[in-house]
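Structure incoming, see below.
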Amino acid sequence: MPAPARQYWLMKSEPDEFSIDDLARVGTEPWTGVRNYQARNFMWKQMRVGDGVFFYHSNAAVPGIHGLARVASTPYPDPTQFEPGSDYFDPKSRREEPRWWLVDVGFERKLARAISLDELRGHAGALDDFPLLRRGNRLSVLPVTAAQWKYILTLEKKRP
DNA sequence: GCCAACGTTGGC
DNA sequence: GCCAACGTTGGC
């Protein structure tokens with residue numbers, strides 16, 4: 001059986017909470033706290049070890065893609081859902097049937113320069129259907145096509 | 001199953 | 001801090 005094609009994702013994080021520099025420091029981080037079913041399903045049902053990840057800063061001075069990461073584990077239950085003191089505690093989740101799943105995310109590199117949301121919007125033609133650019137999109141985990149991945153990486157080497 | 005109220009996200 | 005978008009909750 002041929003190896004499945006590499007997949008690509010965009011994952012948002014608030015840099016005040018956890019930035020690309022934090023990921024660079026720790027190397028690998030469990031992606032705790034996702035409490036949206038669609039985002040969970042991407043991690044639980046579709047991600048594979050080695051998939052590429054755009055690390056996106058939201059609620060930031062410069063919202064945009066700041067680095068590259070990769071999916072570094074198979075899915076497993078988010079431990080914070082069972083911790084009563086945690087912001088992410090979910091009293092309705094049971095250990096026999098966890099509701100929230102996550103993957104580990106591993107640092108790859110920072111981009112030579114951040115590619116801002118504003119700049120991405122300037123390429124709306126080439127980035128047709130890029131979910132990040134869709135109005136009102138609040139998903140914190142988004143699929144990226146191979147073509148979009150490649151295109152966005154070429155922007156890194158250009159002038160903004 | 002409908003839908004109003006409510007909470008959260010995230011750009012600005 | 002504001003507010004549009006939109007997911008979730010819960011009464012009926």
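Letters A, B, ... are given to chains in the order of the sequence lines, protein chains preceding strands, and every chain is numbered from 1. Values in this document were obtained by computation on a predicted structure and should not be read as measured data.
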- Quickly work out the A:Asp16 CG to B:dG11 P distance and round it to whole Å.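 Result: 13 Å.
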- Query: Yes or no on ring-ring contact (aromatic ring centres under 6.0 Å, His included) for A:Phe55 and A:Trp31, after CA distance, side-chain angles and deciding distance?
  - Reply: CA-CA 12 Å; A:Phe55 195 104; A:Trp31 208 253; 5.7 Å; yes
- A:Lys12 side-chain N/O to B:dG10 phosphate OP1/OP2 under 4.0 Å: yes
- Side-chain atoms of A:Asn36 come closest, of B:dG11, B:dG10, C:dG7, to C:dG7
- Message: Rounded to whole Å, please give me the gap between CZ in A:Arg40 and P in C:dG7.
- Response: 15 Å
- Message: Any salt bridge linking A:Asp78 with A:Arg99? Criterion: basic side-chain nitrogen under 4.0 Å from a carboxylate oxygen.
- Response: no
- Message: From the set B:dC12, C:dG10, C:dT8, return the single nucleotide nearest to any side-chain atom of A:Lys92.
- Response: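 Selected nucleotide (nearest to the side chain): C:dG10.
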- Describe the nucleic acid contact of A:Arg121 in one word from base, sugar-phosphate, nothing, applying a heavy-atom distance below 4.0 Å. sugar-phosphate
- Message: Check A:Glu119 with A:Lys158, please: is the shortest side-chain N to carboxylate O separation under 4.0 Å?
- Response: no
- Atom NE2 of A:His57 and atom C1' of B:dG10: how far apart are they, to the nearest Å?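 Checked: the NE2 to C1' distance equals 14 Å.
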- Message: Starting the side chain at C-beta, find the nucleotide from C:dA4, B:dG11, B:dG10 nearest to A:Pro63.
- Response: B:dG11
- If we ignore angles and hydrogens, is there a donor and acceptor under 3.5 Å between the side chains of A:Arg138 and A:Ser58?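 No, because no side-chain N or O of A:Arg138 sits under 3.5 Å from a partner of the opposite role on A:Ser58.
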- d(OH, A:Tyr37; P, C:dT9) in whole Å: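 Atom-to-atom, A:Tyr37 to C:dT9, this comes out as 6 Å.
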- Message: Go through it in stages, so that I can follow the logic: the residues are A:His123 and A:Tyr151, the test is side chain to side chain donor-acceptor pair (under 3.5 Å), and I'd like the CA-CA distance, side-chain angles, deciding distance and then a yes or no.
- Response: CA-CA 10 Å; A:His123 296 267; A:Tyr151 183 84; 2.7 Å; yes
- Find the distance A:Asn41:CG to C:dG7:C1' and express it as a whole number of Å.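 That distance rounds to 14 Å.
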- Message: I want to confirm an ordering. Mapping A:Gly136 and A:Arg99 to their closest nucleotides on DNA chain C, which one lands closer to the 5' end?
- Response: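 Going by which nucleotide is closer to the 5' end, it is A:Gly136.
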- Message: Can you measure A:Leu139 atom CG to B:dT8 atom C1' for me and round it to whole angstrom units?
- Response: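 Distance check: A:Leu139 CG to B:dT8 C1' gives 13 Å.
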- Task: Starting from P on C:dG7, measure out to CD on A:Gln38 and report it in whole angstrom.
- Result: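 The distance from CD of A:Gln38 to P of C:dG7 comes to 8 Å, rounded to the nearest Å.
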- Item | Interatomic distance where CG belongs to A:Asp118 and P belongs to B:dG10 [whole Å] | 18 Å
- Of A:Asn59 and A:Asn137, whose nearest nucleotide on DNA chain C comes first from the 5' end? A:Asn59
- Within the modelled atom types, does a donor on one side and an acceptor on the other bring the side chain of A:Arg138 and the base of B:dT8 under 3.5 Å apart? yes
- Under 4.0 Å between a side-chain N or O of A:Tyr56 and OP1 or OP2 of B:dG11?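 Yes.
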- Message: Any side-chain N or O of A:Arg135 below 4.0 angstrom from OP1/OP2 of C:dA5?
- Response: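 So the side chain of A:Arg135 is within the cut-off, an N or O lying under 4.0 Å from OP1 or OP2 of C:dA5.
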